[in-house]
Structure formats: structure tokens, C-alpha cells
There are 2 protein chains.
Amino acid sequence: MSTNFKHALFSQFARVGKALSHANRLELLEFIAQGERSVDELATVSGLTVANTSQHLQHLRQAGLVTSHKEGLKVYYQLSGDDVITLLDTVRGVAERHIAEVDKLVNTYLTVKDNLEPLPRKELLKRAKQGLVTVLDVRPAEEYAAGHVPGAVNVPLKELEGYLKNLDAQQEIVAYCRGPHCILAFDAVAALRDKGLTARRLEDGFPEWKRAGLPVES
Amino acid sequence: MSTNFKHALFSQFARVGKALSHANRLELLEFIAQGERSVDELATVSGLTVANTSQHLQHLRQAGLVTSHKEGLKVYYQLSGDDVITLLDTVRGVAERHIAEVDKLVNTYLTVKDNLEPLPRKELLKRAKQGLVTVLDVRPAEEYAAGHVPGAVNVPLKELEGYLKNLDAQQEIVAYCRGPHCILAFDAVAALRDKGLTARRLEDGFPEWKRAGLPVES
DNA sequence: CATATATTCAATTAATTACTTGAATACAAT
DNA sequence: ATTGTATTCAAGTAATTAATTGAATATATG
């Protein structure tokens, strides 16, 4: 009887594991972490069909990781709580530390572009308050609009070149994106350095900043 | 190119999710969290065949959650790091907060036996140092032997009755087990209260105590 | 009321996973 | 060298999951 209870409990916990067991769902969660999104928007940004996106979202909702509400024709999905950010970060951290293939991918695609230590959130807050840095948000405009680090400028990567003349060449630039492995932040930093500017990345992404209770602008 | 990288990265993270997507593997992880175990021991305590146990362990090892070493004929498995304890606790916490069925199971099987707030670790350490409590470890003897809270007495549930006469009836008793949902701790507390004794549970289990860097006896 | 839009559902197909069984491998004891 | 013990591997079977397609449902607009 009590072994049946324990097994039933583990089966429920396994639902969370199942929700995280496919790359598409992890990607959808990263998108939703930037702010609530509709099914159509999620399908577009992920490159999945609407039906497939919807099915993955049902899976995530039934596992308790997201919730939804309807506004007119559209259904909007949001994370169930900050604990889902923590869950994603914990899975990511464990994979980084213990799966050699992750190390290899990160070294091949990310570290080659920026092998400096990223800037801790609290440090960025301090420097931003002192007016010592320019903060660059390289996410798509709609994610920026949903919420961003106060004072951050939204410059998608392809517009960075044209934006350079607006920058104070003496000031340090800190770029951030959706999370710690978002290549856009790495690319931005590499491009800025190519131009002789001083640039670094924030240690993770906007969801972690927000979860830390730091100020948010929208 | 960078979308392929991101997808490859998410696929690797998904390996961690897959490792956690079956009740049997979660249970094996909870057993291993108590201390390193051999395949044969894990098969016995989980009720799975040795071959099936071994297959699940390969899965866990390839996902980076456990490591193994061989001593003579036997292969011993241990967790890859304390971050795996954190991962399990995070999955458990998310499931508890966001899956209604978990709430139902916990209420039906656990809260009915003990609905008092469990005791925080630091509080137990303090009271134990002052000699104010009796600490009861209700795990099987081999898990106790592998490591336990200093001063804890190992009394498996079926021996509790016979052990009662050894107790200082005036002193509070704190019981702990493998984790926060281990029914043995709940049963022990219920049985002790039935006898008029003052009993509580520790807030989680031995792995969390150890991860917190608190003193460990073996 | 009819049509358009957005989303979900259900059925089908293909791929993946879990368990079982028997064989293979590695190490220890005789 | 042979036998025993412990574990892993491989193949087969059954169950589950992911994507696709078309239908169904809900809401908004004309």
C-alpha cells in the first residue's frame, strides 16, 4: 500500500521530467520565460506547426509548468511561477557540469566568441545606477517590450552596426539575451569588441534578472 | 547554423529531462542519494530485475546524474554531485506546487498522519547540540551505516514498539527518512504520538542535511 | 447568419522507450 | 583452467511519444 503510494508519487514527479524530455518543449519554455506569448507567436518563433506547438503546450500545462488564459481568439501562455525558471536553470546547470557533449557545444559555439567571465546581475545593477555602462538587450522587440532591464536599449543583432554611432565609445557595454546560452549576446559582444569597444555579457538572461526581484521596465 | 547549435544544446538538456521522466529512475536516484549502492542492492530495494535496474542506471549515467566505480565483482553507483540533490528537490517542489494530483496524494497519505510543520535542519542541529531532542533515523540499517545525522538512533519502523522503553518520555523526538515524502517518518511520528510522546519530522531527508554541509556521522 | 481566425482535438504513422530474456563480459574463488 | 558471481549487452515485444493531417470548437467580424 505505501509502496503503491510512493510509486504513484514518483509517477507524478516523472510528469515534470517528461515535460522536460524534449528539446522543443525546453525551447518553448525559454521563449515563454521572456513573457507571456500566444500559441501563434510561439509557433512562429519556434518554427513548429501551430498544432504541434499546441500539443507541446498541453503537455507543459498538464505537467504544471505553464498556465494559460484566453483573450478574444488568442490563448496566452505564461510560466506557472518563478520556480519553473529555477527548474530550467537547475537542469541546464546539471547538464553543463555533467554532460561532456554540452561542454563541447558550449566551447565550440560560445566560448570561442567570448571567454570572459560574464557580469553578475548585482554588479550590473550597481554600475547601471552609477551611469557607468550601456545595457544592450539583443532579444526580439516583442520580448523587450514585455519587460527588460531598466535603461536597456533594444538593438537586435542585425541593427547593431547602424547603432554603433549612437554609443559612447568610452563606456562599457553589457549585453544580455534570453538566457546564458543565447548566442545573440555572444555575437553582439564579439561584434562590439571587433570595433574596439569594451563589451561583456550579463551572467544569464532576463528571466533570471526578474526572478531575482531586480527592477524591471516595460 | 546557430539555430542548429541551440537545438543541439536543448537536446542535450533534454537528456536530463528524459532521465527524470520515469518513476523507476526517480526512485533509484532517491536510493542512491542515501549513499553509494551496488546494482544488486538497488535491484533488491526497488523490486526491479537486475537487468532492468542496470539499464536504468546506464540511462542515468549517460545523462550525467550518476557515476560508477567497480570494486571486485560489484559496480557501485553514486550521485554525480550535490547538484543532483538540488535537481531532484526542484522537480519535487515544482510538482508539489503545480500538480493537483501530487497535492491529493500527499494529503491522502501523508498529511493525515502528520500535519504539523516539519523541523528545519538548522533548528534540529541547535536542539541536538543542546541535548534537547532524540533523533530517530527510520531508514534501513545499510543506509544509516552509510551516513546519518550525528547522534541519531537507527530504529526501523517495525522495531519502534520495542524501542520505546529506551526513550526519555520527557524529551522531544525528531524522526527523519530518505526525503520529505518518505512515509516511514510519518508513520514513526504517528506511532510515537499514539503513545503520548512528543514527536516531529525533520523538514526533508538525509541527502538534504548532507548537502547543507551539516555534520555527518558514519 | 455566414465567414474568418485561432486553437484544440482525434486519428494515424513513425520513432522512441521499458521490460524481458538469453548471451556476453569481467572478476573472484576453487 | 574451470566454475561461480555480478553486471552489461543485444534482440524482441509491447507501450508510449512526436509529428502530421483533417475535423471540431470557440470567438470575432461583417
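We use all heavy atoms of the structure for the numbers below, so side chains are in, but hydrogens, waters and symmetry mates are not. Predicted model only: the values in this text are computed from it and were never measured. Naming: A, B, ... by sequence-line order, numbering from 1 per chain.
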Self-check item: Closest to side chain of A/Q55, choosing from C/dG22, C/dT8, C/dA11
Solution: C/dA11

Exercise. Measure from NE2 on B/H22 to C1' on C/dC19 and round the result to the nearest Å.
Key: 9 Å

Quiz item: Rounded to whole angstrom units, what separation is found between the CG atom of B/L57 and the P atom of D/dC9?
Solution: 11 Å

Quiz item: Of the nucleotides C/dA6, D/dT8, D/dG4, which one has an atom closest to the side chain of A/K74?
Solution: C/dA6

Practice problem: Return the value, rounded to whole Å, for the distance between atom NE2 of B/H69 and atom P of C/dC27. | Solution: 14 Å

Quiz item: Does B/N52 make a side-chain N or O approach to OP1 or OP2 of C/dC19 shorter than 4.0 Å?
Solution: yes

Quiz item: Is the closest basic N to carboxylate O distance between A/E143 and A/R37 below 4.0 Å?
Solution: yes

Self-check item: B/L73 CG - D/dT7 P separation (whole Å)
Solution: 8 Å

Self-check item: B/L28 CG to C/dA18 C1', straight-line distance once rounded to whole Å
Solution: 13 Å

Quiz item: Contact class for B/R61 (heavy atom, under 4.0 Å): base, sugar-phosphate, or nothing?
Solution: nothing

Quiz item: For C/dA26, does OP1 or OP2 lie under 4.0 Å from any side-chain N or O of B/K70?
Solution: no

Practice problem: Using a 4.0 Å heavy-atom cut-off across all strands, classify B/T53 as base, sugar-phosphate, or nothing. | Solution: nothing

Self-check item: Nucleotide nearest A/K18 when distance is taken to its side chain, options C/dT8, D/dT17, D/dA19
Solution: D/dT17

Quiz prompt | NZ/NE/NH1/NH2 to OD/OE distance under 4.0 Å, B/D114 and B/R193 | solution = yes

Quiz item: At under 4.0 Å, does any side-chain N or O of A/Y77 touch on OP1 or OP2 of C/dA6?
Solution: no

Quiz item: Whole-Å distance between D/dA18 P and A/L48 CG?
Solution: 12 Å

Quiz item: Base, sugar-phosphate, or nothing for A/T49, non-hydrogen atoms under 4.0 angstrom?
Solution: sugar-phosphate

Quiz item: Which nucleotide in the list D/dA19, C/dT8, D/dT7 gets nearest to the side chain of A/H56?
Solution: D/dA19

Exercise. Mark yes or no: A/R201 above the aromatic ring of A/F186, with NZ or CZ under 6.0 Å from the six-membered ring centre and no more than 45 degrees from the axis.
Key: yes

Self-check item: Nucleotide D/dT27, atom P - distance to OH of A/Y76 in whole Å
Solution: 15 Å

Quiz item: Are the charged groups of B/R97 and B/D103 less than 4.0 angstrom apart, N to O?
Solution: no

Exercise. Could you tell me the separation between the CD atom of A/E71 and the P atom of D/dA28, rounded to a whole number of Å?
Key: 11 Å

Practice problem: Indicate yes or no: does B/K104 engage B/E101 in a salt bridge with an N to O separation below 4.0 Å. | Solution: yes

Quiz prompt | Selection from C/dA26, D/dA19, C/dC9 that lies nearest to any side-chain heavy atom of A/Q58 | solution = C/dC9

